[in-house]
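A short write-up of the structure that comes next.
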Protein chains: 2
Amino acid sequence: MENFAQRPEGPAGRPASIGRMPTVKRDTYTPDSLLSVAVRVFNERGYDGTSMEHLSKAAGISKSSIYHHVRGKEELLRRGISRALDGLFAVLEEVPAREGRAVERLEHVTRRTVEVLMAELPYVTLLLRVRGNTETELWAMSRRREFDQRVAELVKQAAAEGDLRSDVDARLATRLLFGMINSIAEWYRPDRVAHNGAAGGDSSASGGSNTSAEVAEAVVRTAFAGLRTS
Amino acid sequence: MENFAQRPEGPAGRPASIGRMPTVKRDTYTPDSLLSVAVRVFNERGYDGTSMEHLSKAAGISKSSIYHHVRGKEELLRRGISRALDGLFAVLEEVPAREGRAVERLEHVTRRTVEVLMAELPYVTLLLRVRGNTETELWAMSRRREFDQRVAELVKQAAAEGDLRSDVDARLATRLLFGMINSIAEWYRPDRVAHNGAAGGDSSASGGSNTSAEVAEAVVRTAFAGLRTS
DNA sequence: ATACTGCTACCGAACGATCGGTCGGTGCAA
DNA sequence: TTGCACCGACCGATCGTTCGGTAGCAGTAT
């Protein structure tokens with residue numbers, strides 16, 4: 001009833017029939033290329049609002065063919081969420097997130113989290129919208145909470161070291177910080193510049209700055225100017 | 001399969017059979033008292049993830065009885081969203097939102113928006129999660145965009161008057177501000193103190209401050225310290 | 001008092017449609 | 001000739017909604 005779509009495309013969707021290269025993109029779907037289609041539709045219609053029929057139309061293959069690549073709808077959800085979580089947790093392992101003054105580590109994590117969110121936008125968006133209806137979703141929420149708590153500890157530590165203003169509760173500050181960061185998923189669109197969806201504004205250019213590093217810088221500046229002491 | 005619930009309760013859910021008082025809370029459901037149950041379930045499971053069976057179980061009446069009070073599932077959504085929008089738009093009509101320096105009006109709107117969000121939490125939460133699958137949802141998104149744009153204009157005006165820092169784009173600043181405000185719906189719980197759901201922290205007391213005015217104050221302080229000049 | 005009427009708030013059963021998922025294939029390249 | 005990518009037809013379950021009731025009560029005529 002609505003938007004159709006051609007076959008995979010992926011990174012340069014050429015038929016790779018020249019020479020037999022098993023690791024290279026094929027003309028048919030792989031679990032991963034199908035996932036990217038599915039996640040896009042999940043984000044457009046919501047996971048519960050997306051039927052396998054919707055997915056098959058968007059992927060350009062029949063409903064039953066989807067089951068050739070993945071076990072079912074919930075596996076697509078799990079795979080998509082996993083990818084987001086992997087990216088986020090990797091940030092915490094980076095050296096600048098583990099060494100130095102807490103407020104500096106917090107700033108690094110903030111900046112990198114924004115960058116990962118924008119780089120893996122559809123997957124992180126999917127993660128952020130999970131409601132907890134199934135076991136998969138409960139697992140996702142639990143993992144996400146784990147990540148949030150790791151950051152919350154950084155905030156507390158930075159506050160204890162006197163680098164964050166003391167008139168705003170550390171937990172509340174963490175929540176507001178995440179609110180800012182996560183809201184990026186509501187309006188940022190990698191191409192075009194953002195057609196909107198959440199916070200105001202018409203659809204003309206957004207000040208020209210739209211690389212992930214630039215947005216990350218603006219978030220860090222805005223948030224930390226509000227949070228830092230003096 | 002899960003949580004049951006008794007009848008209405010409402011504001012002091014007594015049988016009002018003494019004397020015949022047409023405007024007073026009855027022992028049975030009204031469209032509004034049913035709405036409050038429905039909106040709660042919508043927020044727990046997501047609108048698409050909520051079946052009429054879920055609603056009937058939560059309300060303690062049969063599925064078919066729901067149709068005695070409302071036209072159907074989508075009317076419940078529309079009513080819930082309307083209530084949220086009414087509260088938000090009313091803020092823009094308040095005198096301090098219409099008179100004075102732009103940055104002061106912006107600050108007032110921010111504070112009051114936070115307060116309305118917390119006072120009408122379930123309804124605003126419902127509004128914030130709409131995806132745009134049906135005509136009702138598209139209407140909700142359009143109205144919400146309208147509200148956001150009104151605030152965005154305030155931000156631009158305040159920036160033009162030199163009261164907001166110039167190194168962060170006005171549109172981006174608006175989006176980050178809304179991100180902060182709207183994220184409250186992810187963790188604030190009117191009773192108990194917030195069991196979490198989004199940003200970090202364990203479930204012990206959140207520094208004691210949890211009245212809507214206090215949270216609003218913290219948001220305004222954090223956001224505006226980051227946004228304001230000097 | 002009793003019987004009848006009309007109305008409100010509810011119910012169980014069932015509707016066609018759609019849900020996620022299964023099955024037995026088919027065409028085609030290696 | 002094997003196996004991969006795909007298909008249409010179909011499964012039981014569940015979806016939102018409709019339908020024909022019915023118990024209980026207020027008002028009224030008897």
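Naming convention: chains lettered A, B, ... in sequence-line order (proteins, then strands); numbering from 1 in each chain.
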* If the sugar-phosphate is the primed atoms plus P, OP1 and OP2 and the base is the rest, what is the B/S/- string for nucleotides 17-23 of chain C, using protein heavy atoms under 4.0 Å? -> --SBBBB
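Spacing between atom CD1 of A/I66 and atom P of D/dA5 amounts to 15 Å, rounded to whole angstrom units. Atoms CG (B/N133) and P (D/dG16) sit 14 Å apart, rounded to a whole Å. To the nearest angstrom, P of C/dG12 lies 12 Å from CD1 of B/I61. Rounded to whole angstrom, the span from the NE2 atom of B/H68 across to the C1' atom of D/dG16 amounts to 19 Å. Following rounding to the nearest Å, B/L55 (CG) and C/dC11 (P) show an atom-to-atom distance of 14 Å. C/dC11 atom P lies 10 Å from atom OH of B/Y29, rounded to whole Å.
The salt bridge (Lys or Arg N to Asp or Glu O under 4.0 Å) search around B/E153 returns none, not counting sequence neighbours. Take A/R112 and apply the side-chain contact (heavy atoms from CB on, under 4.5 Å) test, not counting sequence neighbours, and it matches A/V91, A/E94, A/H108, A/E115, A/V116. Scanning for ring pair (Phe, Tyr, Trp, His ring centres under 6.0 Å) contacts around A/F89 gives A/F147, with sequence neighbours left out. Legend: residues meeting side-chain contact (heavy atoms from CB on, under 4.5 Å) with A/S56, ordered by chain and number and at least two apart, are A/E53, A/K63, A/I66. Considering only residues two or more places apart in sequence or on other chains, A/Y47 meets the ring pair (Phe, Tyr, Trp, His ring centres under 6.0 Å) condition with A/F42.
A/Y29 places a side-chain N or O within donor-acceptor distance of the main-chain N or O of A/A59, the cut-off being under 3.5 Å.
Taking 4.0 angstrom as the limit, B/S65 places none of its side-chain polar atoms (N or O) nearer than this to OP1 or OP2 of C/dC10.
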